[in-house]
Protein chains: 2
Amino acid sequence: MVIHPTNGAVRAVPPATVARLPGYLRALDALAAEDVVTTSSDELAVRAGVSPAQLRKDLSFLGSYGRRGVGYDVAHLSEQVGVALGLATQRRVVIVGIGNLGHALANYSGFADRGFAVVALVDASPAVVGTTVAGLVVEPLDQLADIVTSRDVSIGVIATPAAGAQDVCDALVQAGVAGILTFAPRALRVPEHVDLRAVDVASELQILAFHDARRTATGA
Amino acid sequence: MVIHPTNGAVRAVPPATVARLPGYLRALDALAAEDVVTTSSDELAVRAGVSPAQLRKDLSFLGSYGRRGVGYDVAHLSEQVGVALGLATQRRVVIVGIGNLGHALANYSGFADRGFAVVALVDASPAVVGTTVAGLVVEPLDQLADIVTSRDVSIGVIATPAAGAQDVCDALVQAGVAGILTFAPRALRVPEHVDLRAVDVASELQILAFHDARRTATGA
DNA sequence: TAGATTGTTAATCGATTAACAATC
DNA sequence: TAGATTGTTAATCGATTAACAATC
């Protein structure tokens, strides 16, 4: 049996499992929106696009939230997955780089729905600073440290061109954010205590191209 | 020794390796831009943010493109990785859903630099159809099949809200694309012969939140 | 030759899958 | 009780790491 510390958290959830939890949460919320009260690992797995065995294994790292022979209570499981993901507390986010992508991110309504508040927009260009985007006034880059501290920002999003990304990253780390999500097409360096995730759209397309090349090469 | 089929391709490159190849290509291109002619697995690994052992192991799946005691020729290795990724042929891309994100993607210059041509923009809304974005006139959703066939589109990008995503996905599959990149926050279902990659920005933030929660819970 | 660095092997590690006992 | 479904165990599979022989 797994030992649960008194705060209800469970130790050592594998990274691969953590990466799938948001998908489970989405599927659970979709079920709740359809007024489904109880679900099974089979149903939920189909919705989330994984195997039932993997779903049960993943959930077992969080605790025992199902009932054998019955299934899972949608509302309860959703809450527990949310707790595991640390969504009980709303995280405050700063977006750095208000170009096309930064604009799109600032206007994305999906953040608020899923536990995040964009509390500041920052850009290096004087032409952009002072403009209003998604109800927020864009602030200059040299205010970044102040913003992070005074508004208790824990996550920074980098939507700058590749050239400035590492500097912005360093500034965010210096300012004390816990995690960084970057869209800049460049490998970034962070100290071990800061969590970094990188999304590179062109890289995603290149991975698709690899499989396309396989297909055409083999005549499939 | 690995057997190389006559077309120069190598069989069975592991998925985890494929996913890292674009990063290697980026790092190589950055070196080339700095007029570096020869590199080592140590240098390249640092640039790409992986270990030298992993880099060499990954490259070994593609073939033997280095020289022992010397290192790798930057231009040659870059070319070979590009070939492995199928970038010799330019892929044509259609973007479906021209909201904030679709707009940003349409205007992203990084695609052309990295082997992709956005040849069509499609949207379901009559208010958007007919407008010009990034030099392309937005076309109606019911033209999708025609567009894919007549313009030889092999990759579809879904930037619609979650609600319409599966229908768009089905239409893309029906039209015959080889790969799909989706930004919609919903699990999509594709047949086995179609390659699907999903980017969900809010999920990325939730994964960061998980680690942040660990940190604060343990008082780190 | 001596030094450097690759490509590959073997060992370790982590993730997935399948099967089933526990239990509702 | 009989049927259903979880939570867990054990087996399989794949990915990473470390070490080093090959070789430039």
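Quantities reported herein were computed from a predicted structural model and do not represent experimental measurements. Naming: A, B, ... by sequence-line order, numbering from 1 per chain.
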K.L.:
CD of A/Gln54 versus P of D/dT8: gap in Å, rounded?
P.N.:
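Atom-to-atom, A/Gln54 to D/dT8, this comes out as 17 Å.
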
K.L.:
By salt bridge (charged side-chain N to carboxylate O under 4.0 Å, His left out), which residues pair with B/Glu204, not counting sequence neighbours?
P.N.:
A/Arg197

K.L.:
Quick one: do B/Ser154 and B/Arg91 satisfy side-chain hydrogen bond (donor to acceptor under 3.5 Å, both in side chains)? Show the steps, please.
P.N.:
CA-CA 6 Å; B/Ser154 62; B/Arg91 312 276 148 178; 4.8 Å; no

K.L.:
Under the side chain to side chain donor-acceptor pair (under 3.5 Å) test, which residues partner A/Gln54, sequence neighbours left out?
P.N.:
none

K.L.:
Which nucleotide sits closest to the side chain of B/Arg56: D/dA19, C/dA15, D/dT8?
P.N.:
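Of the candidates, D/dA19 comes closest.
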
K.L.:
Using a heavy-atom distance cut-off of less than 4.0 Å, which residues of residues 30-51 of chain A contact DNA chain D?
P.N.:
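Those residues whose heavy atoms fall under 4.0 Å from DNA chain D, taken from residues 30-51 of chain A in numerical order, are A/Ser40, A/Ser41.
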
K.L.:
What is the distance from atom CD of B/Gln206 to atom CD1 of A/Ile155, rounded to the nearest 0.5 Å?
P.N.:
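So the gap between those two atoms works out to 9.5 Å.
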
K.L.:
Hey, does the side chain of B/Tyr72 come within less than 4.0 Å of C/dG7's phosphate (OP1/OP2), counting only N and O?
P.N.:
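So the side chain of B/Tyr72 is within the cut-off, an N or O lying under 4.0 Å from OP1 or OP2 of C/dG7.
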
K.L.:
Report the distance from atom CG of B/Leu55 to atom C1' of D/dA18, rounded to the nearest whole Å.
P.N.:
15 Å

K.L.:
What verdict does the side-chain hydrogen bond (donor to acceptor under 3.5 Å, both in side chains) test give for B/Asp73 and B/Thr38, after you've listed the backbone C-alpha separation in whole Å, the side-chain angles of each residue and the deciding distance to 0.1 Å?
P.N.:
CA-CA 5 Å; B/Asp73 181 86; B/Thr38 304; 5.0 Å; no

K.L.:
Look at atom CD of A/Glu79 and say whether more than 12 heavy atoms of other residues, nucleotides or ligands are closer to it than 6.0 Å.
P.N.:
no

K.L.:
Identify whether any heavy atom of A/Pro52 sits under 4.0 Å from a base atom; if not, whether one sits that close to sugar-phosphate; answer base, sugar-phosphate or nothing.
P.N.:
nothing

K.L.:
The criterion is side chain to side chain donor-acceptor pair (under 3.5 Å); which residues satisfy it with B/Glu34, sequence neighbours excluded?
P.N.:
B/Arg47

K.L.:
Quick one: the dot-bracket string of DNA chain C, using Watson-Crick and G-U wobble pairs with both distances under 3.5 Å, [ ] for crossing pairs and | for bases paired to another strand.
P.N.:
..||||||||||||||||||||||

K.L.:
Would you find a donor on one side and an acceptor on the other, under 3.5 Å apart, between the side chain of A/Ser78 and the backbone of A/Ala75?
P.N.:
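Side chain of A/Ser78 to backbone of A/Ala75, a donor-acceptor pair under 3.5 Å: no, none is there.
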
K.L.:
What is the separation between atom CG on B/Leu77 and atom P on C/dT5, rounded to the nearest whole Å?
P.N.:
16 Å

K.L.:
Whole angstrom is fine here: how far is it from CG in B/Leu59 over to P in C/dT6?
P.N.:
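These atoms are roughly 9 Å apart.
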
K.L.:
Looking at DNA chain C, which of residues 16-26 of chain A put a heavy atom within less than 4.0 Å of it?
P.N.:
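Here the set is A/Ala16, A/Arg20.
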
K.L.:
Please list, chain by chain and in numerical order, all residues satisfying side chain to side chain contact (heavy atoms under 4.5 Å, CB included) with B/Ala134, sequence neighbours excluded.
P.N.:
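Here the qualifying residues are B/Ala106, B/Asn107.
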
K.L.:
Whole Å only: how far is the CG atom of A/Asp58 from the P atom of C/dA15?
P.N.:
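Rounded to the whole Å, the gap is 10 Å.
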
K.L.:
In whole angstrom, give the distance that lies between atom CZ of A/Phe61 and atom C1' of D/dT9.
P.N.:
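Those two atoms, CZ and C1', are 12 Å apart.
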
K.L.:
For the pair made of CG in A/Leu62 and C1' in D/dT8, what is the distance, rounded to whole Å?
P.N.:
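Between C1' of D/dT8 and CG of A/Leu62: 15 Å.
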
K.L.:
Using nucleotides 21-24 of chain C, report all nitrogen or oxygen pairs with the protein that are shorter than 3.5 Å.
P.N.:
residue, atom, partner, partner atom, Å
C/dA22, N3, A/Arg68, NH1, 3.0
C/dC24, O4', A/Arg68, O, 3.0
C/dC24, O3', A/Arg67, NE, 3.1
C/dC24, O3', A/Arg67, NH2, 2.3

K.L.:
Using a 3.5 Å cut-off and no angle test, enumerate the donor-acceptor pairs between side-chain atoms of residues 13-22 of chain A and protein atoms at least two apart in sequence or in another chain.
P.N.:
residue, atom, partner, partner atom, Å
A/Thr17, OG1, A/Asp58, OD1, 2.7
A/Arg20, NE, A/Asp58, OD2, 2.7
A/Arg20, NH2, A/Asp58, OD1, 3.1
A/Arg20, NH2, A/Asp58, OD2, 3.3

K.L.:
What pairs with A/Asp152 under salt bridge (charged side-chain N to carboxylate O under 4.0 Å, His left out), at least two apart in sequence or on another chain?
P.N.:
A/Arg92

K.L.:
If you check the A/Lys57 side chain, which of C/dG7, D/dT6, C/dT16 turns out closest?
P.N.:
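In terms of side-chain proximity for A/Lys57, the closest of C/dG7, D/dT6, C/dT16 is C/dT16.
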
K.L.:
Can you tell me which residue pairs pass the ring-ring contact (aromatic ring centres under 6.0 Å, His included) test with a partner in residues 166-213 of chain A, sequence neighbours excluded?
P.N.:
none

K.L.:
Which residues pass the side chain to side chain contact (heavy atoms under 4.5 Å, CB included) test with B/Gln166, sequence neighbours left out?
P.N.:
B/Cys169, B/Asp170, B/Leu188, B/Arg189

K.L.:
Can you list the steps and then say if A/Arg26 with B/Asp200 is a salt bridge (charged side-chain N to carboxylate O under 4.0 Å, His left out)?
P.N.:
CA-CA 11 Å; A/Arg26 272 189 337 209; B/Asp200 180 0; 2.7 Å; yes

